[in-house]
Visitor: 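Quick one: structure below, then a few questions.
Heavy-atom basis, side chains included; hydrogens, waters and symmetry copies ignored. Fair warning: this is a prediction, and the values are worked out from it, not measured in the lab.
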Amino acid sequence: MYKTIIRPLLFSLDPEKAHHFTFSYLKFIHKIPLVPALIRAIYKVEHPSLHREVFGLHFKNPVGLAAGLDKDAKLYQELSNLGFGFIEIGTITPKPQPGNPPKRLFRLIDDQGIINRMGFNNEGVEAAVKRLKKNKNVLIGGNIGKNKITPNDQAVNDYLICFEQLFDYVDYFVVNVSSPNTPNLRTLQEKEPLQQLLSTLQHKNHEHPKPKPILLKIAPDLTDEQLLDIIEIVQNTHIAGVIATNTTIGRQGLHSPAQNETGGLSGKPLRQRATEVIRFLSEKSNKAFPIIGVGGIFSEEDAIEKLNAGASLVQLYTGFIYEGAGLVKRINKRLIRQ
């Protein structure tokens, strides 16, 4: 039904308008008595074999929603009813910012991808905290970044602000230095500034009686040498793990009219490279830290590919847009049968 009726209707709208319409619709129907329970009955899969213990947290299943969809923590409760084992909000910045001017979101239907140049549009950390205070048992990751106007040499302060304000309301943190849509952000992935940023966050983290897992989200466009640097930095700073990968600036093999739009590309064209990065990190580190695999998961086989490459958990974004909530259920049911 999703691919034959709902998706064609949504895809007839501007992508950003379709996003806001979907959010409003999900919020509305969840206010109808018994509907949330019905949605859970349709989409949630419960089985002991799906449970995972990763970086000290208990996940009811290994399929999560990647950051970028619920940027402002507006719909995490409703989205969790669609069967996700965890929801990652953000990217959150200290101050509200509108992001880049529209049009900034493009479907690549022929390639089953999306290009976005949203630019960390969000309502700021205080607005997110206000909503997260209402959380009812949803495992939440907090993806944090810097404001566009903040110079890179002051970026650590932005990450610290988000970290401290979100600390009591998220289960793990993700440091996003790999989005291509904030000017010069990716230079923070270089060895020295990244080591300093993560060390500072870890120092602040261990001032709390119960530190939270901190993960690093990396770009798929890093070289092998840079990936080896990432392994060294993770081990030196003792952060909990890595999310591989963010969107790519690559455009190889595309066929859609919007292929030359600037921004980060996600979806099927990213699948192979994301898996290669996961396998490289897992093998070269001797599985020294957990990896969350994300990038081009459109089927049960795609999820299993990521897990077999070394991922402990997986996340969906573009595959969820193209395939619908049934994808989460299909992956979990397939994992039970394995």
Visitor: Cut-off 3.5 Å, no hydrogens considered: what does the side-chain donor-acceptor table look like for residues 28-41, sequence neighbours left out?
Guide:
{"unit_1": "H30", "atom_1": "ND1", "unit_2": "L26", "atom_2": "O", "d": "2.9"}
{"unit_1": "H30", "atom_1": "NE2", "unit_2": "N81", "atom_2": "ND2", "d": "3.1"}
{"unit_1": "R40", "atom_1": "NH1", "unit_2": "N81", "atom_2": "OD1", "d": "3.3"}

Visitor: Just list the side-chain donor-acceptor pairs under 3.5 Å for residues 98-109, sequence neighbours left out, or say none.
Guide:
{"unit_1": "N100", "atom_1": "ND2", "unit_2": "R117", "atom_2": "O", "d": "2.7"}
{"unit_1": "R104", "atom_1": "NE", "unit_2": "E16", "atom_2": "OE1", "d": "3.1"}
{"unit_1": "R104", "atom_1": "NE", "unit_2": "E16", "atom_2": "OE2", "d": "3.3"}
{"unit_1": "R104", "atom_1": "NH1", "unit_2": "P98", "atom_2": "O", "d": "2.8"}
{"unit_1": "R104", "atom_1": "NH1", "unit_2": "N100", "atom_2": "O", "d": "2.6"}
{"unit_1": "R104", "atom_1": "NH2", "unit_2": "E16", "atom_2": "OE2", "d": "2.7"}
{"unit_1": "R107", "atom_1": "NH1", "unit_2": "F11", "atom_2": "O", "d": "3.2"}
{"unit_1": "R107", "atom_1": "NH1", "unit_2": "L13", "atom_2": "O", "d": "3.0"}
{"unit_1": "R107", "atom_1": "NH2", "unit_2": "L10", "atom_2": "O", "d": "3.1"}
{"unit_1": "R107", "atom_1": "NH2", "unit_2": "L13", "atom_2": "O", "d": "3.0"}

Visitor: Could you tell me how the ring of F86 sits relative to the ring of Y172: parallel (under 30°), tilted (30 to 60°) or perpendicular (over 60°)?
Guide: perpendicular
Visitor: Can you sort out the partners of K3 under salt bridge (charged side-chain N to carboxylate O under 4.0 Å, His left out), two or more places apart, ordered by chain and number?
Guide: E323
Visitor: List the residues meeting side chain to side chain donor-acceptor pair (under 3.5 Å) with N135, not counting sequence neighbours, and say none if there are none.
Guide: none
Visitor: Do T237 and Q202 get their side chains close enough for a donor-acceptor pair, meaning under 3.5 Å?
Guide: no
Visitor: Which residue pairs pass the salt bridge (charged side-chain N to carboxylate O under 4.0 Å, His left out) test with at least one member in residues 225-237, sequence neighbours excluded?
Guide: K191-D229, K191-E232
Visitor: When you compare the side chain of V63 with that of L316, does any pair of heavy atoms fall below 4.5 Å?
Guide: yes
Visitor: Side chains of R52 and L313, heavy atoms from C-beta outward: is any pair under 4.5 Å?
Guide: yes
Visitor: Classify the side-chain pair S178/K217 by whether it contains a donor and acceptor separated by less than 3.5 Å.
Guide: no
Visitor: Test of understanding: with side chain to side chain donor-acceptor pair (under 3.5 Å), list the residues that count as partners of Q196, not counting sequence neighbours.
Guide: none
Visitor: Answer yes or no on whether K212 is positioned over the face of F167, meaning its NZ or CZ is under 6.0 Å from the six-membered ring centre and within 45° of the axis.
Guide: yes
Visitor: Within the 3.5 Å criterion, strictly below it, is a donor on E46 or H51 matched to an acceptor on the partner's side chain?
Guide: no
Visitor: Cut-off 3.5 Å, side chains only: do T187 and N184 have a donor facing an acceptor?
Guide: no
